[in-house]
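These numbers were taken from a predicted model, which means no experiment stands behind them. A, B, ... follow the sequence lines: proteins, then strands. Residue 1 opens every chain.
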2 protein chains.
Amino acid sequence: MTSATDIKQLLQHHGIQPSVQRVAIAEHVLATDRHPSADQVLQEVQRKLPVVSRATVYNTLKLFVEKGLLRQYQIAEGPTVYDANIERHHHLIDEETGRVIDIPWDAVEVKNVEGLEGFEVDSYMVVLRGRRRDGS
Amino acid sequence: MTSATDIKQLLQHHGIQPSVQRVAIAEHVLATDRHPSADQVLQEVQRKLPVVSRATVYNTLKLFVEKGLLRQYQIAEGPTVYDANIERHHHLIDEETGRVIDIPWDAVEVKNVEGLEGFEVDSYMVVLRGRRRDGS
DNA sequence: CTATAAAATTAGACATTGTCTAATTTGGGA
DNA sequence: TCCCAAATTAGACAATGTCTAATTTTATAG
Ligand SMILES: [Mn+2]
Ligand SMILES: [Mn+2]
Ligand SMILES: [Zn+2]
Ligand SMILES: [Zn+2]
């Protein structure tokens with residue numbers, strides 16, 4: 001449960017003025033484990049708060065990324081998606097639905113990244129393609 | 001060295017009519033270890049063959065992907081890129097230049113992908129972010 | 001409380017990337 | 001050579017994202 005006041009405080013602690021629009025956007029995008037695109041966020045938010053513009057959604061998502069509240073990825077076909085999970089983790093793309101699913105960092109093991117010759121690596125993730133197994 | 005006749009045979013062996021445009025596109029896109037976008041391919045090819053249209057470049061790249069001559073990725077910011085390296089391998093995104101660099105499959109080791117609970121995995125790659133080390 | 005200025009929001013223009021259609025051109029084979 | 005299916009093409013259209021200039025909202029100084 002993240003109440004509206006909690007959201008406001010969270011934004012303020014990150015140096016973000018909690019306007020009505022920003023709180024509404026935060027409530028949706030920070031609470032989901034989906035990986036919505038900017039236009040999906042716009043659709044969702046407009047149901048609760050009809051007076052929000054496309055420009056504000058794009059501006060706000062960018063702001064949240066800059067302030068470290070969100071990550072932004074371009075991993076599958078289609079538009080940039082936003083990710084409220086800011087811990088390091090991997091991603092699986094469901095090839096049937098196109099949906100991006102979080103995979104815990106320790107679910108797979110990646111070795112020898114530090115020893116990679118000729119490169120300095122800041123971060124990495126495994127991107128998998130497949131599908132959910134039936135009972136899941 | 002991949003000569004024009006070699007290219008023609010390669011296309012024919014993949015069931016592709018080797019038109020002038022397709023050969024010109026193949027010469028560029030199959031010979032590079034860069035990861036060009038469709039519009040980059042268009043720019044390059046038009047220098048040698050001014051009579052090639054945007055539609056043909058998009059159509060041809062799609063055809064090459066369907067026929068297994070090319071891979072298509074959406075890994076970094078920006079447009080879809082095409083990859084002549086059809087062996088499995090990983091990718092590093094140079095954060096300074098934005099360039100995508102191939103990393104050999106055995107340069108890093110990924111474990112426990114088969115044991116991933118709840119998912120069936122068809123393929124995977126490690127996507128790293130960083131930069132070339134000075135003398136490289 | 002009111003005035004002022006800065007910050008936030010907005011509509012819509014614009015750019016880029018990609019798809020599609022309908023018309024034209026090309027070229028392989030009878 | 002002729003025919004016709006395949007290939008190419010220009011340009012319309014759609015989706016995604018950026019930018020600008022005008023308007024609205026909000027914080028705060030007086
Ligand atoms: Mn995620
Ligand atoms: Mn590659
Ligand atoms: Zn809640
Ligand atoms: Zn060569």
**Complete:** Per atom distances to the A/Ala55 side chain, the nearest of C/dT10, D/dT9, C/dA8 is C/dT10

**Request:** Give one of base, sugar-phosphate or nothing for A/Ser37, where a contact means two heavy atoms less than 4.0 Å apart.
**Result:** nothing

**Fill in**
Sorted by number, residues from residues 18-25 of chain B placing a heavy atom under 4.0 Å from DNA chain D are B/Ser19, B/Gln21, B/Arg22

**Request:** Applying side-chain hydrogen bond (donor to acceptor under 3.5 Å, both in side chains) between A/Tyr82 and each of A/Gln72, A/Arg34, A/Gln40, report the one that passes.
**Result:** A/Gln72

**Request:** Measure the distance from CG on B/Leu63 to P on D/dA6 and round it to the nearest whole Å.
**Result:** 13 Å

**Asked** Separation of A/Gln12 atom CD from D/dT26 atom P, in whole Å?
**Response** 14 Å

**Contact list for residues 97-118 of chain B, test ring pair (Phe, Tyr, Trp, His ring centres under 6.0 Å), sequence neighbours left out** = B/His90-B/Trp105, B/Trp105-B/Tyr124

**Request:** Please check if A/Val81 and B/Tyr73 belong to a single hydrophobic cluster, counting links between Ile, Leu, Val, Met, Phe, Trp and Tyr side chain heavy atoms closer than 4.5 Å.
**Result:** yes

**Prompt:** So which one's nearest nucleotide on DNA chain C is more toward 5', B/Val81 or B/Gln17?
**Reply:** B/Val81

**Prompt:** Which residue, B/Pro79 or A/Val52, contacts DNA chain C at a nucleotide closer to its 5' end, judged by nearest heavy atom?
**Reply:** A/Val52

**Length of the CG-P vector between A/Leu49 and C/dT10, whole Å** = 8 Å

**Prompt:** Rounded to the nearest Å, what distance is computed from the CZ atom of residue A/Arg54 to the C1' atom of nucleotide C/dC14?
**Reply:** 11 Å

**Prompt:** To the nearest angstrom, how far is B/Asn59 atom CG from C/dT25 atom C1'?
**Reply:** 15 Å

**Prompt:** Expressed in angstrom and rounded to an integer, what is the separation of B/Glu77 atom CD from D/dT18 atom C1'?
**Reply:** 13 Å

**Asked** In terms of side-chain geometry, is the basic nitrogen of A/Arg129 or A/Asp94 positioned less than 4.0 Å from the acidic oxygen of its partner?
**Response** no

**Message:** Please determine whether the number of non-hydrogen atoms from other residues, nucleotides or ligands lying under 6.0 Å from atom CZ of B/Arg131 exceeds 12.
**Reply:** yes

**Request:** Establish, from distance only, whether the side-chain atoms of A/Gln74 and A/Thr80 form a donor-acceptor pair under 3.5 Å.
**Result:** yes

**Asked** Does B/Thr56 have a side-chain nitrogen or oxygen under 4.0 Å from the phosphate oxygens OP1 or OP2 of D/dT9?
**Response** yes

**Item:** Rounded distance (Å) that lies between atom P of C/dA13 and atom OH of A/Tyr58
**Value:** 17 Å

**Message:** In this structure, how many angstroms lie between the C1' atom of C/dG28 and the NZ atom of B/Lys8, rounded?
**Reply:** 14 Å

**Prompt:** Should the ring pair A/His89 and A/His35 be called parallel, tilted or perpendicular, given that the plane angle runs from 0 to 90° and is split at 30 and 60?
**Reply:** tilted

